[in-house]
A.B. asks: 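Sending over a structure as structure tokens; questions will come in a sec.
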Amino acid sequence: MEGRVQFDLLQVLLRDYKLRSYTLNAVSFHFLQEQKEDVQHSIITDLQNGNEQTRRRLAVYCLKDLMCVINYMEMARVTGVPLTYLLSRGQQIKVVSQLLRQVLQSSHCHAGFSSLYPSIMMAHNLCYTTLLQRGSAEKLGLSSEDFIKTPTGDMFVKSSVRKGLLPEILENLLSARKRAKTELKKETDPFKKQVLDGRQLALKISANSVYGFTGAQVGKLPCLEISQSVTGFGRQMIEKTKQLVESKYTIANGYEADAKVIYGDTDSVMVKLGVATVREAMDIGREAAEWVSSHFTQPIKLEFEKVYFPYLLINKKRYAGLYFSSSADTHDKMDCKGIETVRRDNCPLVANLINTCLQKILIDRDPQGAVDHAKEVISDLLCNRIDISQLVITKELTRTAQEYAGKQAHVELAERMRKRDAGSAPNLGDRVPYVIIKAAKGAAAYMKSEDPIYVLENNIPIDTQYYLDQQLAKPLLRIFEPILGETKAESILLKGDHTRCKTVLTSKVGGLMAFAQKRSTCIGCKAVLKTDVAVCDFCKKKESNFTRRRFST
DNA sequence: CGCTTGACCTAG
DNA sequence: TGAGCTAGGTCAAGCG
């Protein structure tokens, strides 16, 4: 349609939000805190013609739509691609578009580091247009002052010889981000703040994508000399940062303790300073960041970001801690990275229990309370007192059944559901919700996965022992072992009376509604249809002829 | 039972 | 056709 843009909110949601489920019910519950039965396009008219309350609800709904449109418009403006590309295409097209524009505009003829990779590319002028072929430095008569050699041995001319296109593009993206961040600071409306935060984050991702673009071997313009030089510089810089910090902040130099870099990932270092208070850590952190920055080329900047206190480091890319940054007196949040609480492939029972235990340990400083709570939940689980919605695991169907090498719970279930009712079975790209049911001893998990709604409708017993042994046990031990010790953690949490209770109880349907995909059957031709279609795809009968089915079976 | 591989999802 | 990147943890399946 000439002059009109189609903007599908489902695509926006899939791109911008990591949810456990993307059914209309789940999404409306997540954003509006209410489940809307039978929401159809026609309801919009009713809301408009209703009272103040219903119009308000409609307005809130529209506002959310509008704000994401604004963000996408900003992105389209900065990158120079049509709005629809932002939903229908990937990151490469954005970089290509900016490259073409930059070529036309310029005179070319043919505590963590903030935005580390982009600033490396800017600082060292890394670009297609500044790369020197092997041996061409001599041919062109360049002096050693005119170019640099990267950690991979590749050579690039300095900006004094020729300024690269990529560094210019990155400057544009990052200055747009800076604008968004300044506006964010001034803004008081919490909703608009969220929008501006989304914008600055999107611009950051676009800036980081420039590095990804140069390394995309199946892409438009790969240049491994650039991408590998960038990561090489990055590793070198983290190592240098560690050496700088550990050499200056020592007892010998008059500090309270010898500083130790205990963790770092790609563009950040975590330093144990050995001071007693958050305030002291912040002060030293700020000073150290500035001092380290002075050892690097512009615009590379190491920024003090936060203090964690206490800090539970489980593994690389997995940790939790109380996050202090705006104030030394009160923590901003409990920050969890990589652990079960933030992973969508865990059931809510695990995520919630780990989260509560961490709160009790880190915030309340009450490990005993955490242990007691965990034991209680385990006992509830084994006695069937946990609602089935807490036991639903979801995993994405990332490929077709034939493409999978081995058997997996969600894949096998999707196939079984297809045999029951092809219309309502999960498709490629869908997230498959499932629970693990009781079966013959020794049966593999992929044989015991079942559709939660089917389980409720047919009163099938859940394998609660599976949830204890395969879902809860290890995550619990991982957070309790550092506190209780290996042997104690296991004997206290996983043995004892609370693991022996076994009774039978029924489950409620309520919590499962979010996973229900509503379907209708057409009276005319018996076809199975989504409830939100107005006319049967097959016999063209109108919606009034559909019989609604609450659950697909 | 221990090891490898494949799959998923996250950190950055 | 068109698809940003790499690193890494965890788990289940599958093998010897």
A.B. asks: Can you classify the ring geometry of A:Trp291 versus A:His295 as parallel (below 30°), tilted (30 to 60°) or perpendicular (above 60°)?
C.D. replies: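 Perpendicular, since the angle between the ring planes exceeds 60°.
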A.B. asks: Pick base, sugar-phosphate or nothing for A:Tyr466, based on heavy-atom distances below 4.0 Å to the nucleic acid.
C.D. replies: sugar-phosphate
A.B. asks: Looking at A:Tyr323, does the NZ or CZ of A:Lys333 lie under 6.0 angstrom from its six-membered ring centre and within 45 degrees of the ring axis?
C.D. replies: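 Verdict for A:Tyr323: a cation-pi partner in A:Lys333.
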A.B. asks: At the 4.0 Å heavy-atom cut-off to chain A, mark where contacts on DNA chain C begin and end, going 5' to 3'.
C.D. replies: C:dA3 to C:dG14
A.B. asks: Given the side-chain rings of A:Phe296 and A:Phe113, with only the six-membered ring counted for Trp, is the space between their centroids under 6.0 Å?
C.D. replies: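 Distance test on ring centres: under 6.0 Å, yes.
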A.B. asks: Once you apply a heavy-atom cut-off of 4.0 Å, does A:Lys18 come out as touching a base, just sugar-phosphate, or nothing?
C.D. replies: sugar-phosphate
A.B. asks: Under 4.0 Å, counting only non-hydrogen atoms across every strand here, what does A:Val411 touch: a base, just sugar-phosphate, or nothing?
C.D. replies: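 Since no nucleic acid heavy atom lies under 4.0 Å of A:Val411, the category is nothing.
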A.B. asks: Will you find, in the side chains of A:Tyr249 and A:Glu287, an N or O donor that is under 3.5 Å from an N or O acceptor?
C.D. replies: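 Side-chain D/A pair, A:Tyr249 to A:Glu287: present.
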A.B. asks: Using chain A heavy atoms and a threshold of under 4.0 Å, write down where along DNA chain B the contacts begin and end, 5' to 3'.
C.D. replies: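 Both ends considered, the range comes out as B:dG6 to B:dG12.
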A.B. asks: Give one of base, sugar-phosphate or nothing for A:Thr231, where a contact means two heavy atoms less than 4.0 Å apart.
C.D. replies: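 The answer is nothing, as A:Thr231 stays clear of every strand by at least 4.0 Å.
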A.B. asks: Would A:Thr398 and A:Tyr404 count as having a side-chain donor-acceptor pair, cut-off 3.5 Å?
C.D. replies: yes
A.B. asks: Counting any heavy atom closer than 4.0 Å, what does A:Tyr319 reach on the DNA or RNA strands: base, sugar-phosphate only, or nothing?
C.D. replies: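 Counting heavy atoms under 4.0 Å across all strands, the contact made by A:Tyr319 is with sugar-phosphate only.
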A.B. asks: For A:Arg318, answer base if it contacts any base atom (sugar-phosphate contacts may also be present), sugar-phosphate if it contacts only those atoms, and nothing otherwise; contact means non-hydrogen atoms under 4.0 Å.
C.D. replies: sugar-phosphate
A.B. asks: Applying a 4.0 Å non-hydrogen cut-off, can you work out what A:Ala444 is touching in the nucleic acid: base, sugar-phosphate, or nothing?
C.D. replies: sugar-phosphate
A.B. asks: Regarding A:Ser206 and A:Arg177, is there a side-chain donor-to-acceptor distance under 3.5 Å anywhere?
C.D. replies: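 Absent: no donor and acceptor within the cut-off.
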A.B. asks: With distance as the sole criterion, is a donor-acceptor pair present between the side chains of A:Asp332 and A:Ser326 under 3.5 Å?
C.D. replies: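 Yes, a side-chain donor-acceptor pair sits under 3.5 Å.
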A.B. asks: At under 4.0 Å between heavy atoms, what does A:Tyr117 touch on the DNA or RNA strands: base, sugar-phosphate, or nothing?
C.D. replies: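 Counting heavy atoms under 4.0 Å across all strands, no contact is made by A:Tyr117.
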A.B. asks: Should the ring pair A:Phe324 and A:His331 be called parallel, tilted or perpendicular, given that the plane angle runs from 0 to 90° and is split at 30 and 60?
C.D. replies: perpendicular
A.B. asks: Under 3.5 Å, is there a donor on one side chain and an acceptor on the other for A:Thr394 and A:Arg431?
C.D. replies: yes
A.B. asks: Contact class for A:Arg431 (heavy atom, under 4.0 Å): base, sugar-phosphate, or nothing?
C.D. replies: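 A:Arg431: backbone/sugar contact only, no base atoms under 4.0 Å.
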